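Below is one structure, written out as structure tokens; comments come after it.
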2 protein chains.
Amino acid sequence: MLDAAADLLVRWGYQRVTVEDVARHAGIGKGTVYLHFRTKDALFLTVLLRSHHHVVARMADRMAADPAEVLPSRMTASVYRDLADDAVVRPLYLGDPEVLGRLAHEAAETLGELGGKRDVASRRLFGLLRDAGALRTDLPIEEQEYVLRAVATGFLFVDSLSTPEVPVDRDRRAELIAHSIAAAIEEPGAAAQAGAVAPQAVAMFRELAADMDAEWRRRVRR
Amino acid sequence: MLDAAADLLVRWGYQRVTVEDVARHAGIGKGTVYLHFRTKDALFLTVLLRSHHHVVARMADRMAADPAEVLPSRMTASVYRDLADDAVVRPLYLGDPEVLGRLAHEAAETLGELGGKRDVASRRLFGLLRDAGALRTDLPIEEQEYVLRAVATGFLFVDSLSTPEVPVDRDRRAELIAHSIAAAIEEPGAAAQAGAVAPQAVAMFRELAADMDAEWRRRVRR
DNA sequence: CGATGACTGGATTCGCGTTTCCGGTCATAC
DNA sequence: GTATGACCGGAAACGCGAATCCAGTCATCG
């Protein structure tokens, strides 16, 4: 059912999709949808939450498999690649009002508390990375986070913006993100220090993922 | 008259401003406006063009005064500061449809040919900077331009995006842009090489500015 | 019990006649 | 020659009743 909702959401946008559409598309009755979700909003919020959770979980998995993934450059590039493939989170990250409809507002609110937790995690990760000598210390930590956010935002938006000619393919663009972020805030050879931070980072993000998982499962009636 | 039009444009947006508003605000008759501009579009396009010209001209002036301003990092930071002060070009660079209205489409078209010239100039500047050893050569030139565009876009948008807390003031943000761009595509100590490129860069941008100046003056009847 | 779809009412959209608005013109005044 | 504002007509905004839509409910069924 969530898959059906997700599919229709990205194809038509929140406004145009009716609960009956979702039910039909999932091969169930409309009433059944309301057996599982209190409201239409709850349904689609859950869709968003699930996908968001997926992104964070993959992040943690990648860190576990390769410690260098804790570096902001690598992390961001990987998320960028994920976004390219996941049509649900892309509008979420881009705040696309066309797709999100009124959810854009609603989502920000509900995801806000989780966003807070994520910000805390991110802040702590930055602290760890600085202590480990993987991040530079020539900028205060808030400025580094601002730079990261700005650069990541830029690469995300510049594609969806009026640019007739995008010079390179998806993977190369991801590499360019990594290059830019690494150059701006990371220490050369930071990868070597990543190993020391990875375990804690993995734990943090797994916990975050678990929170998100719990959150969206909590929204399903049974 | 152009000042009046610019003022109203940024305050109310293209749609809400009528030609009569502009005339009244400029203390002249409505017919007089049409004595100088063939159409409403031409009037506002001229406003945009003039401001855009202003930005480029200031760029050239800064380069003449300080050769280090030819460096993409410095250049972008300065333009960022200019945008913060100039309420007319800001929506233009941001493509704000609220303010630009249908001009967003129209402007892109007419400014397109000038945009082409600017792209050529930019490309040539990048070539010169690489030859002078001010830019790195670890990335192909198109990718460096893409990175520059992406990073600049990011810093522009991240402010106007839903970010409750912007950690630093305007000038500091400009410095962070410079920092990020320098780190991503410039050679350390690039400033020393800038002097060799500056004269040609100044010439190029002055010519570009002259083109733009001619273009918007051409649109005024007399 | 879990599942369903007919049903309801509040909201949204549609159709369309009427009014208002405003870009552009031009006869007039200076 | 230059400046103006009354004026024109097409387009957009408005009003409003009718028609439609759809989130959410609930009686019914298996």
Side-chain angles (χ1 to χ4, degrees), chain A residues 1-50 97-107 109-110 216-222, chain B residues 1-50 97-107 109-110 216-222:
Chain A
M1 181 181 340
L2 285 172
D3 290 337
D7 184 34
L8 292 178
L9 178 66
V10 300
R11 277 165 55 187
W12 301 347
Y14 179 83
Q15 289 289 356
R16 303 186 177 287
V17 178
T18 74
V19 174
E20 203 160 3
D21 287 333
V22 174
R24 201 178 315 123
H25 205 251
I28 59 177
K30 176 179 171 180
T32 312
V33 173
Y34 283 92
L35 232 46
H36 294 278
F37 298 94
R38 262 192 9 271
T39 131
K40 181 186 180 187
D41 279 14
L43 167 62
F44 283 100
L45 232 33
T46 305
V47 169
L48 259 35
L49 223 41
R50 186 183 64 153
E98 179 76 32
V99 170
L100 298 185
R102 43 172 296 190
L103 247 56
H105 182 249
E106 193 84 19
E109 199 164 317
T110 312
W216 81 256
R217 284 187 195 286
R218 200 172 63 71
R219 287 164 183 278
V220 183
R221 279 213 175 116
R222 67 197 108 253
Chain B
M1 180 178 347
L2 285 172
D3 289 337
D7 184 34
L8 292 178
L9 178 66
V10 301
R11 276 165 53 186
W12 302 348
Y14 179 83
Q15 289 289 355
R16 304 187 175 286
V17 178
T18 74
V19 174
E20 204 160 4
D21 287 332
V22 175
R24 201 177 317 123
H25 205 252
I28 59 177
K30 176 179 170 179
T32 314
V33 173
Y34 284 93
L35 232 48
H36 295 277
F37 299 96
R38 266 196 2 274
T39 128
K40 180 187 179 186
D41 279 13
L43 167 61
F44 283 100
L45 232 32
T46 305
V47 169
L48 259 34
L49 223 41
R50 187 184 63 152
E98 179 77 30
V99 171
L100 298 183
R102 44 173 296 194
L103 246 56
H105 182 248
E106 194 85 18
E109 200 165 316
T110 312
W216 81 258
R217 285 186 195 286
R218 199 173 62 72
R219 287 162 183 279
V220 183
R221 278 212 176 116
R222 70 199 100 250

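Letters go in sequence order (proteins before strands), and every chain restarts at 1. Computed from a predicted model, the values in this text were never measured in an experiment.
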Name each donor-acceptor pair under 3.5 Å that joins a side chain in residues 15-22 of chain A to protein atoms two or more places apart or in another chain, with its distance.
| residue | atom | partner | partner atom | Å |
| --- | --- | --- | --- | --- |
| Thr18(A) | OG1 | Glu20(A) | N | 3.3 |
| Thr18(A) | OG1 | Asp21(A) | N | 3.0 |
| Thr18(A) | OG1 | Asp21(A) | OD2 | 3.2 |
| Asp21(A) | OD2 | Thr18(A) | N | 3.1 |

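At whole-Å resolution of the value, CZ in Arg102(B) and C1' in dA12(D) are 13 Å apart. Between the CZ atom of Arg16(A) and the C1' atom of dA23(D) there is a distance of 18 Å, rounded to whole Å. Between the CG atom of Leu8(B) and the C1' atom of dC22(C) there is a distance of 15 Å, given to the nearest Å. The distance between atom CZ of Phe37(A) and atom P of dT25(D), rounded to the nearest whole Å, is 15 Å. Protein atom NE2 of His36(B) is 12 Å distant from nucleotide atom C1' of dT4(D), rounded to whole Å.
For Asp3(B), the side-chain contact (heavy atoms from CB on, under 4.5 Å) partners two or more places apart in sequence, or in a different chain, are Arg50(B).
With rounding to the nearest 0.5 Å, the separation of CH2 in Trp216(B) from CG in Leu48(B) is 12.5 Å. Interatomic distance, NE2 of His25(B) versus CE of Met1(B), reported as 13.5 Å (0.5 Å rounding).
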> In the 5'-to-3' direction, what one-character label does each nucleotide of nucleotides 23-30 of chain C receive under the scheme B = base within less than 4.0 Å of a protein heavy atom, S = sugar-phosphate only, - = no such atom?
Replying inline: BBB-----
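Nearest nucleotide to the side chain of Ile28(A), out of dA3(C), dT4(C), dT4(D): dT4(C).
Heavy atoms only, all atoms of each residue included: Asp7(A) and Val10(A) are closest at O-CG2, 3.2 Å.
Cation-pi contact between Lys40(A) and Tyr34(A): absent, since separation from the ring centre below 6.0 Å together with deviation from the ring axis within 45° is not met.
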